[in-house]
**Q** 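So that we are looking at the same thing, I have put the structure below in structure tokens.
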Amino acid sequence: MIDYSKMSEYRFQQIMDAELEKYEAMLDKSQDEQNLIGDRTAIEMRGLKITTLRCAASALFPHTDQKLIFMLINSDWMTNKFEDFLYDIVQRLVIVERVMELSHAENETPDNFEEVA
């Protein structure tokens with residue numbers, strides 16, 4: 001099994017990019033994997049709020065009329081943008097987690113493995 005904790009950030013990113021590319025190609029062809037990612041993303045999205053994103057957006061414009069900013073960041077359009085952004089982030093993290101699971105399972109020898117002579 002690969003010990004990710006002992007490699008450079010650059011090398012880790014190279015490996016993850018390659019693994020993600022391979023997984024995404026497989027994901028396009030596998031309805032079961034698509035369903036798994038969709039289900040896990042939905043579970044992770046439960047309870048997440050976009051309040052933090054709204055506060056961050058508001059803080060970017062401290063000298064602008066805060067009533068105007070409030071109306072903008074609470075508009076339906078902005079709410080949809082924030083929700084899409086949050087969903088994309090959560091989905092990407094779910095995919096990375098799945099890639100790590102598959103990589104771990106691929107590189108692990110079962111406990112009951114017996115070598116045949």
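Note that this is a predicted model, so its numbers are computed, not measured.
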**Q** Atom CG in Leu72, atom CG in Asp65: separation rounded to 0.5 Å?
**A**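 Here the interatomic distance stands at 11.5 Å.
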
**Q** According to a 4.5 Å side-chain heavy-atom criterion applied to Ile, Leu, Val, Met, Phe, Trp and Tyr, with indirect links allowed, do Ile37 and Met100 form part of one hydrophobic cluster?
**A**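 Yes.
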
**Q** Which pair of heavy atoms, one from Phe82 and one from Ile73, lies closest together, and at what distance?
**A** CE1-O, 3.9 Å

**Q** Given the rule that I, L, V, M, F, W and Y join up when any side-chain heavy atoms are under 4.5 Å apart, are Ile89 and Met16 in one cluster?
**A**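 Cluster IDs for Ile89 and Met16 match.
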
**Q** Counting heavy atoms not belonging to Glu101, are there more than 12 under 6.0 Å from its CD?
**A**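 Check passes, neighbour count above 12.
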
**Q** According to a 4.5 Å side-chain heavy-atom criterion applied to Ile, Leu, Val, Met, Phe, Trp and Tyr, with indirect links allowed, do Ile43 and Val90 form part of one hydrophobic cluster?
**A** no

**Q** Using a 3.5 Å distance criterion without hydrogens, assess whether the side chain of Arg40 forms a donor-acceptor pair with backbone atoms of Val94.
**A** no

**Q** To the closest 0.5 Å, what do you measure between CE (Met78) and CZ (Arg54)?
**A**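 Between atom CE of Met78 and atom CZ of Arg54 there are 9.5 Å.
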
**Q** Using the rule that Ile, Leu, Val, Met, Phe, Trp and Tyr join whenever any side-chain heavy atoms are under 4.5 Å apart, tell me whether Leu60 and Met71 fall into a single cluster.
**A**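 No.
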
**Q** In terms of heavy-atom contacts, does CG of Asp76 have more than 12 from other residues, nucleotides or ligands at under 6.0 Å?
**A** no

**Q** Are the side chain of Gln31 and the backbone of Lys29 linked by a donor-acceptor contact shorter than 3.5 Å?
**A** no

**Q** Closer than 3.5 angstrom, by distance alone: can the side chain of Ser103 be matched with the main-chain N or O of Val99 as a donor-acceptor pair?
**A**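 Pair absent, no side-chain N/O of Ser103 close to backbone of Val99.
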
**Q** Tyr23 and Val96: side chain to side chain contact (heavy atoms under 4.5 Å, CB included), yes or no, with the steps?
**A** CA-CA 9 Å; Tyr23 179 75; Val96 167; over 6 Å; no

**Q** Can we say Arg98 and Glu44 salt-bridge, meaning some charged N sits less than 4.0 Å from an Asp/Glu carboxylate O?
**A**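 Looking at Glu44 together with Arg98, the answer is no, because their closest N to O distance does not fall below 4.0 Å.
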
**Q** Can you tell me if Tyr10 and Gln14 form a side-chain donor-acceptor pair at under 3.5 Å?
**A** yes

**Q** Hey, does the side chain of Gln34 reach the backbone of Leu27 with a donor-acceptor pair shorter than 3.5 angstrom?
**A**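 Confirmed, Gln34 side chain pairs with Leu27 backbone.
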
**Q** Let me check something: do Leu20 and Leu36 share a hydrophobic cluster, defined by ILVMFWY side-chain heavy atoms less than 4.5 Å apart, either directly or through other members?
**A**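 The answer is no; the residues belong to distinct hydrophobic clusters.
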
**Q** Can you tell me how far the OG atom of Ser58 sits from the CG atom of Leu53, to the nearest 0.5 Å?
**A** 12.5 Å

**Q** So, the side chain of Ser30 versus the backbone of Met26: is there a donor-acceptor pair under 3.5 Å, distance only?
**A** no

**Q** Can you measure from CD1 (Ile95) to CD (Glu33) and round to the nearest 0.5 angstrom?
**A** 10.0 Å

**Q** Look at the side chain of Gln66 and the backbone N and O of Phe61, then say whether any donor-acceptor pair between them is shorter than 3.5 Å.
**A** yes

**Q** Taking 4.0 angstrom as the limit, do Arg92 and Glu24 come out as a salt bridge?
**A** yes

